[in-house]
Amino acid sequence: QVQLVESGGGSVQAGGSLRLSCAASGYTSSKYCMGWFRQAPGKEREGVAHIGGDGLTSYVDSVKGRFTASQDNAKNTLYLQMNSLKPEDTAMYFCAALRSDGGYCYTNDVEEFKFWGQGTQVTVSS
């Protein structure tokens, strides 16, 4: 059973940076697509970034050039480096795992990601 635990959230001013971590257990990185999602109050959960079993990354347009997803397979940890934060980045951030052949990220559908962490809050003030 895959277990995910996020950390690293907090409150920052606009323009600041945070690095989120997601400690994973019970999985093999080459067999899972790992995703970062966020959910703001009153809004649907949206995919922010994904990293496949081959290390390839993808991002939603709103964070391209500002956020970087990475993973340390030796530590079984996923990271999301967030720079130039904006108030609209305020949300609860979750990491999630999708099992697929070769860890290919074939979808951004929240329903397809079966394993989720508890989330970590990010608040950006203007």
Side-chain angles (χ1 to χ4, degrees):
Q1 181 77 357
V2 176
Q3 294 185 324
L4 305 169
V5 180
E6 302 95 335
S7 61
S11 297
V12 297
Q13 291 190 328
S17 298
L18 283 173
R19 188 177 80 156
L20 306 184
S21 298
C22 174
S25 61
Y27 90 120
T28 301
S29 61
S30 62
K31 297 182 179 180
Y32 286 86
C33 165
M34 303 300 292
W36 285 100
F37 292 78
R38 65 186 179 187
Q39 187 166 18
K43 294 188 176 181
E44 293 186 353
R45 192 168 297 188
E46 67 166 346
V48 175
H50 295 82
I51 184 164
D54 57 1
L56 289 178
T57 55
S58 61
Y59 303 90
V60 68
D61 286 346
S62 60
V63 308
K64 283 181 180 177
R66 300 188 298 122
F67 289 13
T68 303
S70 62
Q71 60 186 9
D72 184 334
N73 292 331
K75 296 182 179 180
N76 281 347
T77 302
L78 182 71
Y79 301 99
L80 184 67
Q81 178 66 44
M82 305 186 295
N83 299 328
S84 302
L85 282 161
K86 304 175 180 180
E88 51 264 43
D89 294 319
T90 295
M92 183 73 78
Y93 282 72
F94 301 88
C95 66
L98 162 67
R99 186 179 174 102
S100 68
D101 290 339
Y104 178 59
C105 295
Y106 64 87
T107 182
N108 196 33
D109 187 345
V110 170
E111 298 299 324
E112 294 295 317
F113 285 77
K114 302 302 183 183
F115 305 98
W116 292 84
Q118 81 289 349
T120 185
Q121 177 68 37
V122 171
T123 303
V124 185
S125 58
S126 57

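Only heavy atoms go into these numbers, but all of them, side chains included; no hydrogens, no water, no symmetry mates.
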Of all the heavy-atom pairs spanning [X] and [Y], show the shortest one and how long it is.
| X | Y | answer |
| --- | --- | --- |
| Ser126 | Ala14 | CA-CB, 4.3 Å |
| Ser125 | Pro87 | C-CG, 4.5 Å |
| Ser17 | Gln81 | CB-NE2, 4.0 Å |
| Met92 | Gln121 | SD-N, 3.5 Å |
| Ala40 | Thr90 | CB-O, 3.7 Å |
| Gly35 | Leu78 | O-CD2, 4.4 Å |

To the nearest 0.5 angstrom, please state how far the [atom1] atom of [X] sits from the [atom2] atom of [Y].
| X | Y | atom1 | atom2 | answer |
| --- | --- | --- | --- | --- |
| Thr107 | Phe113 | OG1 | CZ | 7.0 Å |
| Ser62 | Glu88 | OG | CD | 8.5 Å |
| Gln1 | Lys114 | CD | NZ | 12.5 Å |
| Met34 | Ser70 | CE | OG | 12.0 Å |
| Arg19 | Met82 | CZ | CE | 11.5 Å |
| Ser21 | Lys75 | OG | NZ | 9.0 Å |

Considering residues, nucleotides and ligands other than [X], do more than 12 of their heavy atoms fall under 6.0 Å from its [atom1]?
| X | atom1 | value |
| --- | --- | --- |
| Lys43 | NZ | no |
| Gln118 | CD | yes |
| Asp109 | CG | yes |

Tell me whether [X] contacts the main-chain N or O of [Y] through its side chain, where contact means a donor paired with an acceptor under 3.5 Å.
| X | Y | value |
| --- | --- | --- |
| Glu6 | Cys95 | yes |
| Ser30 | Gly53 | no |
| Glu46 | Arg38 | no |

Original post:
Pick one: which of Tyr59, Trp36, Phe37, Tyr32 meets ring-ring contact (aromatic ring centres under 6.0 Å, His included) with His50?
Top reply: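 Only match with His50 under ring-ring contact (aromatic ring centres under 6.0 Å, His included): Phe37.
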Examine [X] and [Y] and state if one hydrophobic cluster contains both, with Ile, Leu, Val, Met, Phe, Trp and Tyr joined whenever side-chain heavy atoms are less than 4.5 Å apart.
| X | Y | result |
| --- | --- | --- |
| Trp116 | Tyr93 | no |
| Leu98 | Phe115 | no |
| Leu20 | Val5 | no |
| Val122 | Leu80 | yes |
| Ile51 | Val48 | yes |

**OP:** Go through the steps for Leu56 and Tyr104 under the test side chain to side chain contact (heavy atoms under 4.5 Å, CB included), then give the verdict.
**Re:** CA-CA 9 Å; Leu56 289 178; Tyr104 178 59; over 6 Å; no
Original post:
With a 4.5 Å limit on heavy-atom distance, are the side chains of Val110 and Glu44 in contact?
Top reply: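 No, too far: nothing below the 4.5 Å cut-off.
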Original post:
Per the side-chain contact (heavy atoms from CB on, under 4.5 Å) rule, which among Leu18, Val124, Thr123 passes with Ser11?
Top reply: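 Between Ser11 and the candidates, side-chain contact (heavy atoms from CB on, under 4.5 Å) is satisfied uniquely by Thr123.
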Subject >> Full working for side chain to side chain contact (heavy atoms under 4.5 Å, CB included) between Tyr27 and Arg99 >> reply: CA-CA 9 Å; Tyr27 90 120; Arg99 186 179 174 102; over 6 Å; no
**OP:** Might you work through the salt bridge (Lys or Arg N to Asp or Glu O under 4.0 Å) test for Asp61 and Lys64, ending with a clear yes or no?
**Re:** CA-CA 5 Å; Asp61 286 346; Lys64 283 181 180 177; 3.0 Å; yes
